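Note that the coordinates shown come from a computational prediction; the quantities given were computed from them, not determined experimentally. Just so it is clear: chains get the letters A, B, ... in the order the sequence lines come, proteins before strands, and each one is counted from 1.
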Protein chains: 2
Amino acid sequence: MSPEEHPVPPPTPAKKTRLSRELVLSAALALVDSEGLDALTMRRLGQQLGRDPMSLYRYADNRAALLDGVSELVLNELAIIPDDPDWQAQLRRIAHDLRLLALRHPNVVPLLVTRPLSTPLGLRPLGTLRPLEQILSLLIDAGFAPVDALHVYRAYYGYLYGHILNELQEFVVDPDENEALLRLGLHRLPPKDFPRLRALAPVLADYDGMAELDEGINILLSGLAAHLPLPGASAKP
Amino acid sequence: MSPEEHPVPPPTPAKKTRLSRELVLSAALALVDSEGLDALTMRRLGQQLGRDPMSLYRYADNRAALLDGVSELVLNELAIIPDDPDWQAQLRRIAHDLRLLALRHPNVVPLLVTRPLSTPLGLRPLGTLRPLEQILSLLIDAGFAPVDALHVYRAYYGYLYGHILNELQEFVVDPDENEALLRLGLHRLPPKDFPRLRALAPVLADYDGMAELDEGINILLSGLAAHLPLPGASAKP
DNA sequence: GCCTACAGTCTACATTGTAGAGAAGTTGTT
DNA sequence: AACAACTTCTCTACAATGTAGACTGTAGGC
């Protein structure tokens, strides 16, 4: 979508700037954003920076580390203010922000979701652990016991990521088509086996991701608040 | 590691059986389960089947299609009984089943989560759409309006996938270590920046994924039931 | 000047997916 | 049995990838 968000001269490399980790990573992110994960090869990135591919290894141990760096860079765009007294409002805001972040960098989402599956907590890029730490902080400062804060975090973040995946999966295949079935490519499904899905095509076609996210978060947060010893409010079973 | 010889039919020399899609896919799944996604190369899989790598292209158009096939195969292990009258119980059961499926095939989870992001709904392997269709069916049969069924599905499945990702991410790095910090590798985190996370190490180290999932699902389902025009009575925990 | 440290480059190689032509095997028809 | 029309499997080949290792350049301190 957007052509340029990062300080990168892709076609006209300003020949002799000294490279830096930030430069490399933001060029990598730009490449991923504009052409997808597969386009991020060492050679391509080197070319983008006007440098030999091998020079990149000064700034990332290998391709996997490069991917981790990109994840980290993206997650750093997420602002968390840990001393907001209204934890629910804060979590709602973060959810919206993260959703927008994902929509802005859809090609990075697979990384965000996948890389932690192959890296133990303690070995992850610190930037990717920051949201966890800060949300825990937020909740504990709001009065939750640490154990309960962890529960809230898990339910919240789990749902949040799940929603983002959901929303990104339901993308429209052909926006010019005005028949809902065709827009989503659902006409290929055998009507006998997928009657419900096909019938829901019009509803699927206009999906308000933000509202949906909000509703889920609300249900979850108020449910959690009702089940746990609460800091502020008072609903008690 | 073990040294590998090339001209050798290594573990499964089922020499002269005719290949079939099922055979190929289940060999692929076995390979992924035992050695991870990266081990699934055409050559390796061919070797595993005692066939030339090129023969595989008869059963999958390319590597991506092979991955899709593996996803499908795994999702087919999930049983959904669409005419259960108790929709909440059914959804709870499916959630537990899917969780166990994910624990049984952790290396496939990245596929389940990632492949749909690059394939429009209508072009996905039918097997991966079956759960969606059947859960919609289940909900509509239980009395939900189709639009509401979709809402419930999205919140439910979103949370479910989110939880699975969460749980798989928090794996233990060194099970022999009895100090919680070390078990999770958290000792590498700078104490100044990650006090909460480090303090929670003991809690993190013993994580009851099933209970956590159950609690989230309960909150979500009862919350949804309360917000939507309901078929039966509401289930109260 | 020379020395050391670091940044970037060059060459080389093993591994990957897969195109294209052909061989081997199977099945149907006579 | 013989042939033909298939399907299935194999061989060869190639371009692209990540990255090891040795090398070249450059910047600053003495």
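- Contact check, A:R63 against D:dG18: a side-chain N or O comes under 4.0 Å of OP1 or OP2.
- Between the CG atom of B:D52 and the P atom of D:dC11 there is a distance of 6 Å, rounded to whole Å.
- Between the C1' atom of D:dT8 and the CG atom of B:L23 lies a distance of 14 Å, rounded to the nearest Å.
- Between B:L45 atom CG and D:dC9 atom P the separation is 13 Å, expressed in whole Å.
- Note on B:Y57: every side-chain N or O is 4.0 Å or more away from OP1 and OP2 of C:dG17.
- Mapping A:Y59 and B:A64 onto DNA chain C by nearest heavy atom places A:Y59 at the nucleotide closer to the 5' end.
- Regarding A:L56, its CG atom lies at a distance of 11 Å from the P atom of D:dT19, rounded to whole Å.
- Distance, B:Q47 CD to D:dT10 P: 13 Å, rounded to whole Å.
- In this structure, A:R196 fails the cation-pi test against B:Y153, since its NZ or CZ atom is not both closer than 6.0 Å to the six-membered ring centre and inside 45 degrees of the ring normal.
- When the P atom of D:dC11 is taken as reference, atom CZ of B:R51 falls 12 Å away, rounded to whole Å.
- Using modelled atom types, one finds a donor on one side chain and an acceptor on the other under 3.5 Å when comparing A:H105 with A:E77.
- Ring-plane geometry between A:Y157 and A:Y161 is classed as tilted, the angle between the planes lying from 30 to 60 degrees on a 0 to 90 degree scale.
- Between A:S55 and B:M42, the residue anchored nearer the 5' end of DNA chain C, judged by the nucleotide with its closest heavy atom, is A:S55.
- Side-chain contact check for A:R93 and A:Q90: at least one donor-acceptor pair (N or O, by modelled atom type) lies under 3.5 Å.
- Judged by closest nucleotide on DNA chain D, A:R43 is the one of A:R43 and A:R58 placed further toward the 5' end.
- In this structure, B:M54 atom CE and C:dA19 atom P are separated by 8 Å, rounded to whole Å.
- Remark: P of C:dT16 and CG of B:N62 are 17 Å apart, rounded to the nearest angstrom.
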